[in-house]
Every structure is written in C-alpha cells, then in structure tokens.
2 protein chains.
Amino acid sequence: MSEGVEWAVHCCLTLAWLGDERPVPAARLAAGYELPTAYLNKQLQALVRAGVLESVAGAKGGFRLARPLEKITLMDVVAAVEGPEDAFQCQEIRRRGMGAGAPEGRYRAPCAVSTAMRRAELAWRRALAAQTLAEIQAAAERQAPDLGRGVRRWYGQDG
Amino acid sequence: MSEGVEWAVHCCLTLAWLGDERPVPAARLAAGYELPTAYLNKQLQALVRAGVLESVAGAKGGFRLARPLEKITLMDVVAAVEGPEDAFQCQEIRRRGMGAGAPEGRYRAPCAVSTAMRRAELAWRRALAAQTLAEIQAAAERQAPDLGRGVRRWYGQDG
DNA sequence: GGCAACCTGGACGTGTAATATCCAGGTTGT
DNA sequence: ACAACCTGGATATTACACGTCCAGGTTGCC
C-alpha cells in the first residue's frame, strides 16, 4: 500500500481543522508534514478527481474539502489514491499447463481462488467504507483535544 | 499483492488432488501451471517454513501438504507468501513538520489514522482466516466435478 | 497590463521490491 | 557412484512507487 494514503488522510484532517474559508496551497500542506511538495500535489490532484477535494486555481488558490468529513469515508480516500483495482489480480493460471486445451465453457465461472480472495477484499473495503474521516478526527482529538488549535496556530493565526 | 499467492493456493489444491502418497517435485508443480520452476520453488519453501507444506529431500523427493486442506486457511497461505507485515505502514508523519516539538507523551497513543487502517486490515485477515482451502476446492469442483480426475490424469496415472 | 502565486498534466529520473535465474551444497533413492 | 531433489544465497531483470521538473493555464494584486 502506497504511503500516499497516510498523506491524504492527514491532509484532509488538516483542511478540516483549518476550515474552508480559504483554500490551502499544496506547498503549505506539504510543509505541515515535511512532505515533498510536487509529489503530494499529485495525490491531492487524485483526491480532486475523486471528488474528495476541490481545487482553486490562481493566486490565493489551493485545496479545500469538497464536503464535510462526515461524508468522506476512508474508502473514498484509499480508492482515490490507490486506484480502483483489486490488490489481488487473478492471473488465470488455472488455464495454463495442465489446464490448457480444456473443454469449452470450463472457465466461464470465475476461478474459485479468485472468488475467495475477492471476498476478503470486499470485507476490507466494507471496513474502510464504514469509517468516516470525521470519526478518525474525533478519535485523534480524544487523544489530544488541542490538536485543532495547534494546527491553526502553526498555519498562522486562525486561517 | 504478489502473484505468488495464486501460485501457492493452486499448488496446494493440486497436491490435495494428487494425494500425499508420494511428494511432488517443484519442477512438476511448476509444469502443471507453466510457472518458472526456480521461483515457484521459493514460494514453496516459504510454505514449508510456515508449516503449510512438508518437503522431502533426495531423489523421489518433493513437496506434500503438511495437513489436510480443511486445516489450511487462506490466511495461512497469504501470510506464508506475503510475510507478516501489514499492507499499511504508518510513517508517523503526524510527528513531522507542525507536529515536531510536541509535548512529551502526545504520541503515546497510536495514530488515529493508523488505527482506522488497521481495523480494515483486520477485517481482511479475518475474512481470509474464515476460508479454508477445502472450501475453495469444493467450490472449484462444484464448477467442474472432474477437476481432480483431470489433475491426476495429467500428472500421470493416479499419482 | 504585468507579475507572482497557484493548480494541471505530462515527461523524466531514481530507488527499491517483486520477479526470475543460477549455482554450490546437502540429502536420498537406485 | 550417480542422478534426482531440496536449501539457501548471490545475482540479474523488470515493474512500479517515489520524486523532480517543466511548460501551460488561471487568478489575485499592484
């Protein structure tokens, strides 16, 4: 799993703490976690394409949340950053070697191995979709109630 | 996810269909799916280290199942091939940039983002552990009841 | 208008892990 | 003794994640 997921979630939380009055430039978000600006920018663009963030072009531009944290699930962020493909990719090796030259239609049904793996990934996706960023933010603030204040202070008074 | 998982599961099923009277050499298993022998051998060795397979050295040696398919879960195979590490690795970026110089003990509790991701991976592992290779074999035979016979025929009469 | 601050998209380098091969050594059946 | 087989390490090769750079377009501000 690429580490872009961690970057993306933390950036979403930061944007939520800062409020959406004005957009935050990628360079500023990157500085907040000491991340490479250009590369973080790519992840943010992926989040925009996925409809999680909105971008504002031009001076004083940047990124903001496209909707409140309550309506963003971990699944949304993971899908945006990692892409829609399953982690397990069936190579259909059942058709090779001893499986070659099998009668027509033997392979109409999906491979049982693939089905089993897909079932597990579905459970993973369900667990991701069941958690909103708002819940994660709440958990973080339960550990450190002044996190939001700290973020706002670091980003310069209030905004 | 490495494709070694698919190789490993299919090989386990093949070993089950062939019975464990005599071990099957890696080269033979590889030929059954047109896989690179030396590389498949590495995956099989990982399965041996994990206690899923047993190996027999010397001439007429090879690999056999260490226990019946009913007692091998998908989780066993995935863990053997992929290793024990979580797919999501928390880089603790919360401590960098604006998080640097935080008061002592702020980071005693694990990152809320990491916790959420771990929860989803736990669901994945549970789903993997809930499925035995015997069930997968049964599903495969439901699609093609003569699979076992076909495998035995391809591997030479009976054995 | 002109300039600087931004995002967008693509091309390009880099580094690491998955993939794959090879070999030297040990074990076992014939 | 020899051939078949596993074991483990060293070594390519390849794919992809990671990261940089640049040319282009948009916007705010003087």
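Here is the naming used below: chain letters follow the sequence lines, and residue numbers restart at 1 for every chain. Only this structure's heavy atoms are used, side chains among them; waters, hydrogens and symmetry mates stay out.
- The backbone N or O of A:Asp86 lies less than 3.5 Å from no partner atom in the side chain of A:Glu121, so there is not a single donor-acceptor pair.
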Provide a list of protein-nucleic acid N or O atom pairs under 3.5 angstrom, restricted to nucleotides 10-13 of chain D.
none

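- Closest approach to the A:Ser2 side chain among D:dC18, C:dC7, D:dC6 is made by D:dC18 (side chain taken as heavy atoms from C-beta onward).
- Residue A:Glu3 has its side chain nearest to D:dC18 when only C:dA20, D:dC21, D:dC18 are considered.
- The side chain of B:Ser55 places no N or O atom within less than 4.0 Å of a non-bridging phosphate oxygen (OP1 or OP2) of D:dC5.
- Across all strands, A:Arg49 comes closer than 4.0 Å only to sugar-phosphate atoms, never to a base (heavy-atom distances).
- Using modelled atom types, no side-chain atom of B:Glu70 and backbone atom of B:Thr132 make a donor-acceptor pair closer than 3.5 Å.
- For the pair A:Arg106 and B:Asp146, the salt-bridge criterion is met [side-chain N within less than 4.0 Å of a carboxylate O].
- Looking at B:Arg95, its side chain never comes within 3.5 Å of a backbone N or O of B:Ala102 through a donor-acceptor pair.
- In this structure, of C:dT8, C:dC7, D:dT7, it is C:dT8 that holds the atom nearest to the side chain of A:Val48.
- Set against D:dC6, D:dG19, C:dT21, the side chain of B:Ala38 has C:dT21 as its closest nucleotide.
- Using a 4.0 Å heavy-atom cutoff across all strands shown, B:Ala27 reaches no nucleic acid atom at all.
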Give me the distances for all protein-to-nucleotides 25-28 of chain D N/O pairs that come in under 3.5 Å?
unit_1	atom_1	unit_2	atom_2	d
D:dT26	O2	A:Gly58	N	3.2
D:dT27	O2	A:Ala59	N	3.0

